[in-house]
Number of protein chains: 2
Amino acid sequence: MSRSSDLAALARLLADDTRARFCLALLDGRAWTAGELAALAGVSASTASEHLGKLVGGGLLVERRQGRHRYVQLAGPRVAELLEGLVAHPEPVRERPVSLRMSRVSAALARGRTCYDHLAGRLGVAITDALAGRGLLDTSAGFALTGEGVDWLTGPLGVPPEDLRSSRRPLAKACLDWTERRSHLAGLAGARICDRLLANGWVKRVGTHRAVAVTPAGTEALRTLLALDVTRLQ
Amino acid sequence: MSRSSDLAALARLLADDTRARFCLALLDGRAWTAGELAALAGVSASTASEHLGKLVGGGLLVERRQGRHRYVQLAGPRVAELLEGLVAHPEPVRERPVSLRMSRVSAALARGRTCYDHLAGRLGVAITDALAGRGLLDTSAGFALTGEGVDWLTGPLGVPPEDLRSSRRPLAKACLDWTERRSHLAGLAGARICDRLLANGWVKRVGTHRAVAVTPAGTEALRTLLALDVTRLQ
DNA sequence: CCGACGGTTCGGCTCGCACCGAAGAGTCCC
DNA sequence: GGGACTCTTCGGTGCGAGCCGAACCGTCGG
């Protein structure tokens, strides 16, 4: 509430092209006069004065009056880091990633099979989280497995290496879990993990639906393999 | 130019209170539907839809259509860090911070620069210090030049005596140096010293602005004239 | 004291944009 | 297929904010 208006107020300081120009110029760490900044940005002295008033008032700049000059400077290294972080923000990709947009047919197919061969729900998310420290990368483009992750699958978990080779299916894929509202691991790796847990009797199906439950043996195995305590999943 | 408009465009995404609310809610890492966010922010579904279009288009969020729902999520951990950095921005302090850490570039400015028409920064202060034993008095009322000091200017430094006569401008004056937090020599004498050093090629301007650097010839000259080793200023 | 200069304040103009409601498209469930 | 639901698109409205020029103030130098 108040935090959101704070965030918006701070962002509003940088949302103007002229003020953004000022701040980028000041990123060199030096102090500039109001007139220099006005000339740089191509605005009148009065406009620059108003902008500087806002930037100083918002804590992004500090000022120092000396004689008839008004020197301004970035308020500190934190502000510089903030600006650099914003400037470094990558351009959004023009075309939408394929995995995010499904055709009608594949959507229907996804609906029927969603989470069918891999684990979902709190258990799926918890396993995904536990894997995040063991070779599963959560990138903005989706999930990816490192060599360490593959070694974990073929080693401790015991997935035959040839089962991880597939002509077309991606190894790791993010699947949005709509009870948890977070992504869980899908793709070939997700399916193989589910295979192993079922085959080892660590997880078994409940009833005719897709619900699964962790067995006592599975609880122990997950604690050993992933330091995951499934009894705390509620 | 293009970087400043990029920065402004990105900041503009967060400059609206409603969009800021969305982003803060999404900071929990989960995926939210458009309707949930609309209700949270207290705006209509149509308004929320437009906002989400901008946030996704700007690369801050990624979306995932599932059925009739539109799930959105922060685009990645980098975006989350960016947001946290912004909300962590401290309220502007009324009084100026005691010391500002400087970037590499501002360090150059701290080393030497001109202030109006005289030298400032570490170089200006060092020259002032060196002159203190050669006819510059540092009194409680400010700086003053003795006859010895005037002789040094017109003799070894080579300032034409008539250039030291001015109807009203004080010969020696103290100017507070904002990087060194000490006074350096200003006034007519300070200006003439700066003139000579520039004219002799002992100091030259760096870039288009006020930063200056001592040349090799200047290093030698200052050692001879003032027993000042400028290589130790850094 | 005067002129030059840097910066500020103020009135007024214009344009962008956040907002809504209504209509429409797509999806789900019965 | 029908009805409920979610989201999107599209006019239309009103407020906020950036911009300028003119007048003004304080400082500097002669």
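Just so we're on the same page: letters track the sequence lines, and every chain starts at 1.
In this structure, a donor-acceptor pair under 3.5 Å is absent between the side chains of B:Ser46 and B:Ser49.
Within 6.0 Å of CZ on B:Arg134 lie more than 12 heavy atoms contributed by other residues, nucleotides or ligands.
Rounded to an integer number of Å, the gap from CZ of A:Arg68 to P of D:dT27 is 11 Å. Taking atom CZ of residue A:Arg65 and atom C1' of nucleotide C:dG7, one finds them 8 Å apart after rounding to whole Å. Computed from coordinates, the B:Leu171 CG to D:dG30 P distance equals 13 Å when rounded to whole Å. Put simply, CZ on A:Arg70 is 4 Å from P on C:dT8, counting in whole angstrom units. In this structure, CZ of B:Phe22 is placed 11 Å from P of D:dC7, rounded to the nearest angstrom. Distance B:Leu37 CG to D:dT6 P: 14 Å, rounded to the nearest Å. Nucleotide D:dG30 holds its C1' atom 12 Å from the CG atom of B:Leu188, rounded to whole Å. Rounded to whole Å, the distance from CZ on B:Arg21 to C1' on C:dC19 is 14 Å.
A donor-acceptor contact shorter than 3.5 Å is absent between the side chain of A:Glu81 and the backbone of A:Arg78. A side-chain donor-acceptor contact under 3.5 Å links B:Thr154 to the backbone of B:Val150.
With a 4.5 Å cut-off on side-chain heavy atoms, B:Leu145 and B:Trp152 do not count as touching.
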| B/S/- contact track for nucleotides 16-23 of chain D, protein heavy atom under 4.0 Å | --SBBBB-
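The aromatic rings of B:His184 and B:His118 lie tilted to each other, with the angle between the two planes from 30° to 60°.
Taking for each of B:His69 and A:Gly67 the nucleotide of DNA chain D with the nearest heavy atom, the 5'-most of the two is the partner of B:His69.
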